[in-house]
Chemist: 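Dropping a structure here in structure tokens format, bear with me for questions.
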Amino acid sequence: MNCLEFRKALLTDPARQSAALHAHADACALCHQFGLSAARLEQLLGEVARSPVPAGLEERILVRAALHEEVSMVVPDRRRFLAMAVSVGVAAVGALAFTAWRQRDAAADLLVTHVRAAHPEGMASTSAGTGLMESATRALLLASGVQPGPLAGLSIEDAWSCSPLGQSGVHLKLTAPDGPVHALLCPGEWRRSVRRLIRDDMQVELHPHTLGTLALIAASSPNLEELRTPVLAAFQGDAAT
Amino acid sequence: MGTHGQIVCAASPADERRRAFEGLVRHHGPDLYRFAHWLCGQSQVAEELLQETFARAWRAFESLREPEAARAWLFVTLRCEYARLYGRQRPQGGDSPPDQIPQPALDDRPEAWALRRALAVLAPEYREPLLLQVLGGLSCDEIGTALGLTPQTAATHIFRARRRLRAALGEEPGRQDDET
Ligand SMILES: [Zn+2]
Ligand SMILES: [Zn+2]
């Protein structure tokens with residue numbers, strides 16, 4: 001290897017340093033110097049090329065990917081949900097005016113129906129949550145006007161934008177030791193007190209929320225005691241302005 | 001079902017795919033964004049290029065299992081997407097001088113400033129292959145593929161790019177860089 005070849009190799013692909021390159025640098029003082037200055041340039045080039053990246057870039061990409069994936073799962077509007085509710089036998093509700101949806105028991109029925117019917121994989125627990133679901137959940141909560149509380153402690157298996165009672169809200173499926181627990185934020189469903197009831201072998205808890213109602217729904221086996229506090233904290237962050 | 005034991009659930013294929021995709025975004029996203037920003041000079045366009053590239057990656061995910069190959073694939077795809085959308089023209093406003101490109105917290109050492117400026121005014125035919133190597137870690141073969149050049153031409157362009165940067169920093173006599 002001569003001096004010209006040495007310099008050309010170093011400026012073409014400095015990361016690939018062959019034995020011949022090292023041998024030449026050891027034998028030739030000028031090329032040794034050249035090698036040092038080339039290394040300085042490479043160091044500086046790496047720094048300069050790596051300009052700052054905008055905050056939240058990865059999250060925005062992940063949220064968009066997650067939302068694309070969920071499109072087929074979202075129940076987009078009241079009419080479609082009504083059609084579905086009728087078809088699965090909540091026909092009595094379907095016959096009523098929308099104002100009747102605000103009746104508390106009807107809301108519980110509709111939510112149980114929604115959890116059973118709107119998400120086809122139903123009540124089967126499949127896996128633990130991921131950071132991806134956490135980002136998607138955060139985006140969904142923000143989109144609904146809720147500043148998300150701590151989400152890290154929740155094992156979020158899936159997150160959707162759903163409107164089981166008309167207004168678009170957030171539906172989370174959480175993994176718990178004895179089966180999934182669903183948390184649904186239903187904006188516009190105002191209530192003053194907590195209500196607990198059993199509907200169709202499902203536990204239903206309806207909590208007051210600054211935007212309406214936060215419902216917890218599970219089959220009979222999962223224990224809601226342990227999840228209640230973290231779920232309420234995740235949804236009860238200050239309303240975003 | 002026991003109430004005390006934690007159930008260890010097997011991750012579903014969909015969940016595994018999501019997790020692997022998240023790894024891909026976190027691992028390659030920042031450098032890919034930087035490359036996009038050097039290409040187009042605008043943060044919003046750069047982010048759109050990234051969104052489109054990762055949307056393609058999600059659809060082609062099965063063929064991206066090799067982590068090494070994935071990086072080259074992402075850089076090549078982003079470069080193709082840029083060419084498809086903008087052809088040979090940088091997007092509107094992308095030709096602003098380097099010191100007007102909004103970049104917070106830039107290194108203000110004189111040599112860093114000089115190098116950043118030299119890189120910004122370098123002709124795209126030299127800057128792009130250089131950045132594919134520096135940011136993407138692509139080989140000359142891969143860079144050739146991305147830019148429609150032979151590997152030899154890609155190598156020559158990279159060599160000239162570095163000579164020009166060295167000249168801008170006063171470490172090279174000048175522009176006698178047309179020997180190959
Ligand atoms: Zn020498
Ligand atoms: Zn839902």
Side-chain angles (χ1 to χ4, degrees), chain A residues 4 7-16 34 37-38 40-66 68-69 121 124-136 155 157-158 175-180 221-223 226, chain B residues 1-12 14-16 18-19 21-22 25-26 29-31 33-35 37-38 43 47 50-51 54-55 58 101 103-107 109 111-112 115-116 119 130-131 133-135 137 139-140 155-156 158-163 165-166 169 171 179-180:
Chain A
L4 192 64
R7 292 170 189 218
K8 206 176 145 191
L10 214 55
L11 295 190
T12 301
D13 199 350
R16 189 172 304 170
F34 184 91
S37 84
R40 272 201 306 278
L41 173 77
E42 223 39 44
Q43 165 79 29
L44 194 58
L45 183 56
E47 292 168 17
V48 162
R50 287 189 171 75
S51 50
V53 169
L57 173 75
E58 293 104 315
E59 279 68 27
R60 285 192 292 279
I61 291 168
L62 292 169
V63 164
R64 201 198 273 193
H68 271 300
E69 198 193 1
E121 82 286 359
S125 181
T126 51
S127 63
T130 65
L132 178 57
M133 291 319 305
E134 209 178 301
S135 322
S155 197
E157 188 181 321
D158 246 317
T175 308
D178 291 312
S221 45
N223 184 354
E226 285 167 32
Chain B
M1 232 172 255
T3 48
H4 298 291
Q6 186 79 16
I7 291 183
V8 180
C9 306
S12 68
D15 201 53
E16 224 165 68
R18 250 184 248 152
R19 214 166 304 187
F21 182 73
E22 180 175 1
V25 171
R26 295 207 183 277
D31 276 345
Y33 171 85
R34 294 174 178 121
F35 176 62
H37 194 273
W38 279 109
S43 44
E47 193 160 333
L50 227 64
Q51 294 279 7
F54 277 112
W58 176 254
I101 296 174
Q103 289 180 352
L106 285 179
D107 185 346
R109 288 173 294 169
E111 69 272 25
L115 185 58
R116 189 177 310 113
L119 191 57
L130 179 68
L131 288 171
Q133 185 186 67
V134 170
L135 290 174
S139 70
C140 288
T156 303
I158 292 169
F159 168 71
R160 290 179 183 172
R162 278 204 179 81
R163 288 204 58 160
L165 295 182
R166 284 173 63 83
L169 292 180
E171 297 198 9
E179 89 261 18
T180 53

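Sequence lines set the chain letters: A, B, ... in the order given, protein chains first and strands last, and positions in each chain run from 1.
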Chemist: Could you give the distance from CD (B:E171) to CZ (A:R40), rounded to the nearest 0.5 Å?
Modeler: 5.5 Å

Chemist: How about B:R166 and A:S37: does a side-chain donor come under 3.5 Å of a side-chain acceptor?
Modeler: yes

Chemist: Quick one: pull up OG1 in A:T12 and CZ in B:R163 and give me the separation to the nearest 0.5 Å.
Modeler: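 Going from the OG1 atom of A:T12 to the CZ atom of B:R163 covers 10.5 Å.
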
Chemist: For chain B, which of A:L11, A:L10, A:D13 has the most heavy-atom pairs under 4.5 Å?
Modeler: A:L11

Chemist: For chain B, which of A:E58, A:R16, A:R50 has the most heavy-atom pairs under 4.5 Å?
Modeler: A:R50

Chemist: Between atom CZ of B:F54 and atom CG of A:L62, what is the distance when rounded to the nearest 0.5 Å?
Modeler: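 These two atoms lie 8.5 Å from each other.
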
Chemist: Counting only heavy atoms closer than 4.5 Å, note whether A:A38 contacts chain B via side chain, backbone, both or neither.
Modeler: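 Contact with chain B is through both the backbone and side chain of A:A38.
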
Chemist: Where do A:P52 and B:Y33 come nearest, in terms of heavy atoms and distance?
Modeler: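 Distance-wise, the nearest heavy atoms are O-CE2, 4.0 Å.
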
Chemist: Tell me, for B:L135 versus chain A, whether the close heavy atoms (under 4.5 Å) come from the side chain, the backbone, both or neither.
Modeler: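 Contact with chain A involves both backbone and side-chain atoms of B:L135.
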
Chemist: How would you list, by chain and number, every residue that makes a salt bridge (Lys or Arg N to Asp or Glu O under 4.0 Å) with B:R34, sequence neighbours excluded?
Modeler: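 Scan of B:R34 (salt bridge (Lys or Arg N to Asp or Glu O under 4.0 Å), adjacent residues dropped) gives B:D31.
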
Chemist: Taking all non-hydrogen atoms of both residues into account, name the closest pair between B:L131 and A:A49 and its distance.
Modeler: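 Looks like CD2-CB, 3.8 Å.
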
Chemist: Return the CG to CG distance between A:L41 and B:L169, rounded to the nearest 0.5 Å.
Modeler: 6.0 Å

Chemist: Mind checking the CZ-CG spacing from A:R60 to B:L50? Nearest 0.5 Å is all I need.
Modeler: 10.0 Å

Chemist: Go through the structure and list residues passing side chain to side chain contact (heavy atoms under 4.5 Å, CB included) with A:E42, not counting sequence neighbours.
Modeler: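 Residues passing side chain to side chain contact (heavy atoms under 4.5 Å, CB included) with A:E42: A:P14, A:L45, B:V134, B:R162.
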
